[in-house]
Structures are given as structure tokens and as C-alpha cells.
Amino acid sequence: MALDQYYLLGRSGLRVSRIALGTMNFGTGGFHAAYGKTEDEVRPIFREYLDAGGNFVDTADFYTAGESETILGRLIAEAKVRDRVVLTTKYTNSVDPGDPNAGGNGRKHLIRALEASLRRLGTDHVDLFLLHTWDRVTPVEEVMRTFDDLVRAGKIRYAGLSDVPAWYAARAQSFAEANALTPVVNLQLPYSLVERTIETEHVPMGHHLGLGVTAWSPLAGGFLTGKYRPGETPSGEGRLSDPGNPGKSWTDRDWALLKPLEKVAEELGVTMAQVAINWVATQPGVAAAIVGASSAEQLGKSMAALDFELPPDLRALLDAASAVPPESVYRMFTAEYQNWVVSPGVKVGDKPAGYAPGVRNW
């Protein structure tokens with residue numbers, strides 16, 4: 001379960017682990033109290049991650065009403081690893097209901113939120129700072145110019161986006177490139193075997209424009225662990241059992257997916273959760289899978305998801321079972337349609353296999 005291999009995040013020189021530690025449950029306040037943990041409870045989780053070689057830690061000002069940042073800051077200082085970890089936090093959600101400028105993506109709130117996060121984290125900078133959620137109204141130019149100002153001021157090292165439309169991310173990156181501003185290097189999105197819709201636009205956009213995708217909820221809130229069954233009310237710890245976070249309605253297609261997932265896990269001698277995490281972390285365009293844990297033991301099992309490879313035939317089985325058929329205009333972009341109408345009778349591709357082999361320094 002060693003995380004001793006690091007890869008560049010997007011089009012940057014920032015090296016990160018393929019498994020990122022999610023800290024949404026660090027703390028017991030706010031919207032995440034139902035499955036939150038105290039500082040003493042999460043300390044072993046954090047140490048387990050560091051001991052395995054992990055360096056990519058994700059939080060947000062909204063998590064447990066700011067407690068996540070406060071606890072994480074203390075744990076980092078206690079372990080004396082501030083320079084080692086890639087500390088990531090996010091802003092958008094309101095810190096003062098009723099104040100229109102206490103939430104959203106505008107410059108005023110962006111700077112206010114970062115300053116507050118820095119105080120809670122006990123540091124003078126964050127390595128990666130993300131817009132948490134698109135607010136639908138703030139001009140993307142304002143966000144990108146503010147990110148650039150904060151990088152120049154030394155308060156953030158890299159910028160990124162979370163949970164935004166693909167066109168918004170493309171506009172942000174293109175604006176930054178056209179005006180020699182700090183680019184975005186990360187795109188954080190929900191991605192799992194039951195949630196593959198980002199493959200339609202977000203993943204190829206990130207690949208072409210230099211944004212490494214970090215996948216949150218690779219286990220679909222615990223659904224892909226196999227501990228839930230149709231008709232049962234989720235119980236225990238985790239997102240699915242949180243009454244304040246009902247999530248999606250599971251379809252027959254989702255439940256049916258558990259069978260091939262279980263088959264693959266049994267054949268490889270690993271858990272369903274490990275297969276699901278491995279599948280996400282090794283998908284094209286994905287820089288890292290973000291995993292949380294309720295214990296150090298659980299985190300250890302999640303990190304061990306990278307200790308094996310999915311054979312091509314078993315990956316193909318999962319791909320087929322979880323595939324999302326293209327809809328509307330996207331049907332025209334499939335290989336079948338293109339071969340039928342755009343390039344009939346010939347074989348056309350962008351580059352031959354092996355054109356750009358990966359670079360490894362080991």
C-alpha cells in the first residue's frame with residue numbers, strides 16, 4: 001500500500017500521489033457532522049497516509065464548518081510536514097448567510113475566504129487553491145485575474161476548479177493563456193463506475209487544456225463497497241447514511257453493476273472497494289482519486305487499491321457494465337458514426353500507438 005510513485009498534476013511541475021486524502025470528515029461540525037471525527041480519531045488516519053508516502057491532502061473551508069482546516073493545520077504542524085504535503089483547499093460556499101458577498105466566486109469573497117483558510121490552516125500559503133462550485137454569476141475573468149494576483153502575492157502556488165461546467169473550465173483556461181495569467185492545473189469532479197458522465201466533455205477538455213482530473217467519491221458515497229442492497233436503508237457511517245445528504249436515487253442499472261464488480265473482486269482476491277478505486281485512479285485523464293476514511297485500517301485498504309493491476313479483460317467487463325451511452329449530438333462523435341459518415345472506407349486516428357510514451361524517472 002505504498003504511495004511512493006508521484007505524477008505531475010495537469011500541465012504543471014507539481015508532483016502528487018495518485019491517491020489523495022480527503023478530509024471532509026475531519027471535525028464534527030456543520031453539514032458533515034453525521035459522519036465527522038474528532039482530532040484524536042483522525043490523527044491515525046493522517047499518519048497512516050503520510051507513512052505510506054502520500055502527499056496530496058484535500059480539504060475545504062466548508063467542511064465541518066471550518067473544523068477540517070483547523071484540525072488538518074494542527075496535524076500538519078504536529079507532524080512537521082508542511083513542506084512535504086501538497087495542501088489543497090477550496091472556497092465558494094457562504095461563511096455568513098444573509099451577506100451576499102460572503103459566498104460565491106467573486107474577488108471579494110475569494111480573498112476573504114483564502115485569508116480565513118490560511119488562518120485556520122496555520123500557514124502563509126496553500127499549494128493548490130480551488131473554486132469549489134460554479135456560482136453561475138461571477139465572470140470567469142474576475143476569478144482568473146484574482147487567482148493570478150494571489151499566485152503573484154505568494155499566497156497560493158497553483159489554482160484549480162471543482163464542480164464547474166466543462167465550457168466554464170475551458171473558458172477559464174483559454175482566458176488565462178490569452179492573457180499570460182496563472183493557468184488552472186486541476187479539475188475536481190465526481191467520478192466513479194456509477195458516475196461517468198464527466199467523460200463526455202470534462203475529461204477530454206482537461207486532457208487537451210492541461211487540467212488533471214482529481215476524482216471525488218470514487219466509491220459513490222460507499223455504494224460500490226457492496227455493503228448496500230436494494231430496498232435496504234443505508235446505515236452506519238458514510239455519506240449514504242447521512243439523512244442530510246440523500247445523494248442520488250440508485251437505478252436498476254446501478255444495482256446491476258455490483259454483480260460484475262463483485263466478480264472482478266473475487267477473481268483478483270481483493271475487495272469491491274479496491275477494484276472501484278483502482279478503476280477510477282487508472283482511467284485516462286485522472287491524476288488522483290480522492291478517498292476519505294473513518295479509520296486508519298480503512299484508509300490502508302483503500303491505498304492498497306494501487307497494489308494490483310486490472311487485467312484488460314476485467315477492465316473491459318467493468319467498462320461495458322458501467323458505460324453511459326452517448327446522447328443527442330454526442331452520438332456523432334463516436335468512432336462508429338465517424339467511420340460511417342466522416343471517414344468511411346479509411347482508418348484515421350490522431351497519433352499512432354506509442355507516439356508519446358510516458359516519462360518515468362525510476
Side-chain angles (χ1 to χ4, degrees), residues 10 20 22-24 26-27 29-33 36 57-73 76 86-176 179 181-190 202 211 214 216 244-245 290:
T23 63
M24 184 184 288
F26 282 30
F31 285 90
H32 311 100
V57 184
D58 179 83
T59 186
D61 61 358
F62 187 65
Y63 294 166
T64 57
E67 284 185 41
S68 175
E69 289 183 327
T70 300
I71 291 174
L72 183 58
I76 289 173
V86 176
L87 180 56
T88 306
T89 193
K90 304 180 281 290
Y91 89 100
T92 292
N93 297 324
S94 178
V95 296
D96 184 10
D99 179 356
N101 287 306
N105 302 145
R107 183 181 184 91
K108 180 176 174 65
H109 178 57
L110 195 166
I111 295 174
R112 173 184 178 178
L114 176 62
E115 295 289 357
S117 288
L118 292 177
R119 287 192 295 271
R120 285 189 291 268
L121 290 163
T123 185
D124 61 358
H125 73 282
V126 292
D127 300 297
L128 178 62
F129 193 52
L130 306 182
L131 177 154
H132 201 158
T133 308
W134 180 45
D135 68 3
R136 305 199 305 165
V137 291
T138 303
V140 69
E141 297 86 354
E142 180 176 331
V143 174
M144 296 309 297
R145 288 197 182 279
T146 308
F147 275 159
D148 186 68
D149 288 344
L150 293 172
V151 168
R152 293 175 187 275
K155 294 188 176 183
I156 68 175
R157 299 293 187 256
Y158 296 90
L161 304 168
S162 170
D163 302 335
V164 299
W167 68 262
Y168 183 93
R171 170 63 178 165
Q173 194 74 319
S174 298
F175 179 78
N179 292 278
L181 302 177
T182 297
V184 285
V185 302
N186 178 219
L187 185 60
Q188 191 175 120
L189 298 164
H202 288 84
L211 287 78
T214 48
W216 62 263
N245 184 31
I290 303 172

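These values consider heavy atoms only, across backbone and side chains, with no hydrogens, waters or symmetry-generated copies. For this chain, numbers begin at 1 and follow the sequence in order.
- At a threshold of 4.0 Å, the pair Arg107-Asp149 counts as salt-bridged, since one of the basic side-chain nitrogens sits closer than that to a carboxylate oxygen.
- For the pair Tyr91/Leu114, no side-chain contact is recorded, criterion being any heavy-atom separation below 4.5 Å from C-beta on.
- Of the residues listed (Thr89, Thr59, Thr23), the one engaging Glu69 in a side chain to side chain donor-acceptor pair (under 3.5 Å) is Thr89, and it is the only one.
- Closest of all the heavy-atom pairs between Pro165 and His202 is C-NE2, 3.6 Å.
- Ala60 and His132 get closest at one heavy-atom pair: CB-CE1, 3.7 Å.
- When every heavy atom of Gly154 is checked against every heavy atom of His125, the shortest pair comes out as O-CB, 3.4 Å.
- When all heavy atoms are compared, the tightest approach of Trp134 to Leu131 is N-CD2, 3.8 Å.
- A distance-only check finds no donor-acceptor pair linking the side chain of Ser68 to the backbone of Thr64 [under 3.5 Å].
- A pairwise comparison of heavy atoms in Asn105 and Thr92 identifies ND2-OG1, 2.8 Å as the closest pair.
- The closest donor-acceptor contact from the side chain of Thr133 to the backbone of Asp163 lies at 3.5 Å or more, if one exists at all.
- For the salt bridge (charged side-chain N to carboxylate O under 4.0 Å, His left out) test, residues two or more places apart in sequence or in another chain that qualify with Asp148 are Arg152.
- Across all non-hydrogen atoms, the minimal contact from Met144 to Thr182 is CE-O, 3.4 Å.
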